[in-house]
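All values derive from a computational prediction rather than experimental measurement. Order of the sequence lines sets the chain letters (A, B, ...), proteins ahead of strands, with each chain counted from 1.
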Amino acid sequence: MDLQSLLEKMERVAKERNAPIFLHKAKLEPYQILIATVLSSRTRDEQTAKAVEKLFSRAKGIEDIAKMKVEEIEELIKSVGFYRVKARRIKEIAEILSRRKFPETFEELTQLPGVGRKTANIVLAYLGKPAIAVDTHVHRISNRIGLVKTKTPEKTEEELRKIFPTELWEKVNYVFVGFGQTVCLPRNPKCSECPIGDVCQKNII
DNA sequence: AAAACGGGGGC
DNA sequence: GCCCCAGTTTT
């Protein structure tokens, strides 16, 4: 099966099942996408959306967040996981970003507190740069369908960069996730409802 | 490589 | 109660 039709099948079933799209569709400024992505870790889409709405309706710019107390931020983003540590990091990020131009490289982004390779790549993609953001879904599914045989997300990213042409990277960033959330679940995948079972290595990861 | 960081929602 | 959650940092 070619890559294009593989992605199309995954995308179609994800759409049919109403996979969350908030982070993919959100029209925000780059610093807001950065913060929204930090908020999103280990947290369902709807819970992230709530926190994002509250935070950015309260703060009109990066400087406002920098000036907030950590406790205020905590109160606004309470719906997400790890909200205490995230509140602290978001304030730090806001303080840093309000004093310099927005970072546009992987190296600059990952120096920010709470920004790892996944978040950095999401932001780069949002800025229109070619990037593959490997989260647990992308890593798991890439292995399950035999695209890669990797132990770490870093290695998966490296391999996927070779496998997919650059123009498909943006699709990889959200199609795998939607598919992983609705069909190819971590522990209990819905294999009987899977459109790409023919290429699956059956639950090897 | 594994543990720690935390809490909420769905069935 | 178990599953699931758009990870990052520290050990």
Spacing between [X] atom [atom1] and [N] atom [atom2], to the nearest angstrom:
| X | N | atom1 | atom2 | answer |
| --- | --- | --- | --- | --- |
| A/L39 | B/dG7 | CG | P | 16 Å |
| A/I21 | C/dA6 | CD1 | P | 14 Å |
| A/L109 | C/dG7 | CG | C1' | 15 Å |
| A/I77 | C/dG7 | CD1 | C1' | 14 Å |
| A/I93 | C/dT8 | CD1 | P | 11 Å |
| A/N188 | B/dG10 | CG | C1' | 13 Å |
| A/K50 | B/dG8 | NZ | P | 10 Å |
| A/L185 | B/dG10 | CG | P | 16 Å |

Distance-minimising heavy-atom pair for A/E108 and A/E104:
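So the two residues come closest at OE1-N, 3.0 Å.
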Minimum heavy-atom distance A/P189-A/R144, with the two atoms named
CB-NH1, 3.8 Å
Is the side chain of A/T110 donor-acceptor paired with the backbone N or O of A/R117 at a distance under 3.5 Å, no angle test?
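Pair absent, no side-chain N/O of A/T110 close to backbone of A/R117.
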Once ring-ring contact (aromatic ring centres under 6.0 Å, His included) is applied, do any residues pair with A/Y174, and if so which ones, sequence neighbours excluded?
A/H24
[options]: which one has an atom nearest the side-chain heavy atoms of [X]?
| X | options | answer |
| --- | --- | --- |
| A/S40 | C/dA6, C/dC3, B/dG7 | C/dA6 |
| A/R187 | C/dA6, C/dC4, C/dT9 | C/dC4 |
| A/P186 | B/dG7, C/dG7, C/dC4 | C/dC4 |
| A/Y83 | C/dC5, C/dT8, B/dG7 | B/dG7 |
| A/T152 | B/dA1, C/dG7, C/dC4 | B/dA1 |

With sequence neighbours excluded, tell me which residues meet salt bridge (charged side-chain N to carboxylate O under 4.0 Å, His left out) with A/E154.
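Partners of A/E154 by the salt bridge (charged side-chain N to carboxylate O under 4.0 Å, His left out) criterion come out as none, since no residue qualifies.
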With A/K86, which of A/T43, A/I35, A/I93, A/I73 fulfils side chain to side chain contact (heavy atoms under 4.5 Å, CB included)?
A/T43
First encountered from the 5' end of DNA chain C, between A/P113 and A/P20:
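The 5'-side residue here is A/P20.
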I'd like to know if A/R42 reaches the base of C/dC4 with its side chain such that a donor and an acceptor end up less than 3.5 angstrom apart.
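Not at all, since no donor on one side and acceptor on the other fall under 3.5 Å apart.
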Pairwise [atom1] distance, [M] and [N] [rounded to whole Å]:
| N | M | atom1 | result |
| --- | --- | --- | --- |
| B/dG8 | C/dT8 | P | 22 Å |
| C/dA6 | B/dC11 | C1' | 23 Å |
| B/dC5 | C/dC5 | P | 22 Å |

Tell me which of A/T43 and A/E46 sits closer to the 5' end of DNA chain B, going by the nucleotide each one is nearest to.
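Comparing both residues, the 5'-ward one is A/T43.
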With a cut-off of less than 4.0 Å, is there a side-chain N or O of [X] near OP1 or OP2 of [N]?
| X | N | result |
| --- | --- | --- |
| A/H137 | C/dC5 | yes |
| A/Q181 | C/dA6 | yes |
| A/T136 | C/dG7 | yes |
| A/R84 | B/dG7 | yes |

A/V115 near the nucleic acid: base, sugar-phosphate alone, or nothing, with a heavy-atom cut-off under 4.0 Å?
sugar-phosphate
Honestly curious: do A/I122 and A/L55 fall in one hydrophobic cluster under the side-chain, below-4.5 Å linking rule?
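Yes, because A/I122 and A/L55 connect within a single hydrophobic cluster, where side-chain heavy atoms sit under 4.5 Å apart.
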Hydrophobic clustering (ILVMFWY, side-chain heavy atoms < 4.5 Å, transitive) - are A/V13 and A/I21 grouped together?
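No, because A/I21 and A/V13 fall into different hydrophobic clusters, even though each may have its own neighbours under 4.5 Å.
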Which of residues 163-179 of chain A sit near DNA chain C, with a heavy atom under 4.0 Å from it?
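Heavy-atom contacts with DNA chain C come from A/N173, A/Y174, A/V177.
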Worked verdict on A/T150 versus A/N143 for side-chain hydrogen bond (donor to acceptor under 3.5 Å, both in side chains)
CA-CA 7 Å; A/T150 52; A/N143 276 281; 3.2 Å; yes
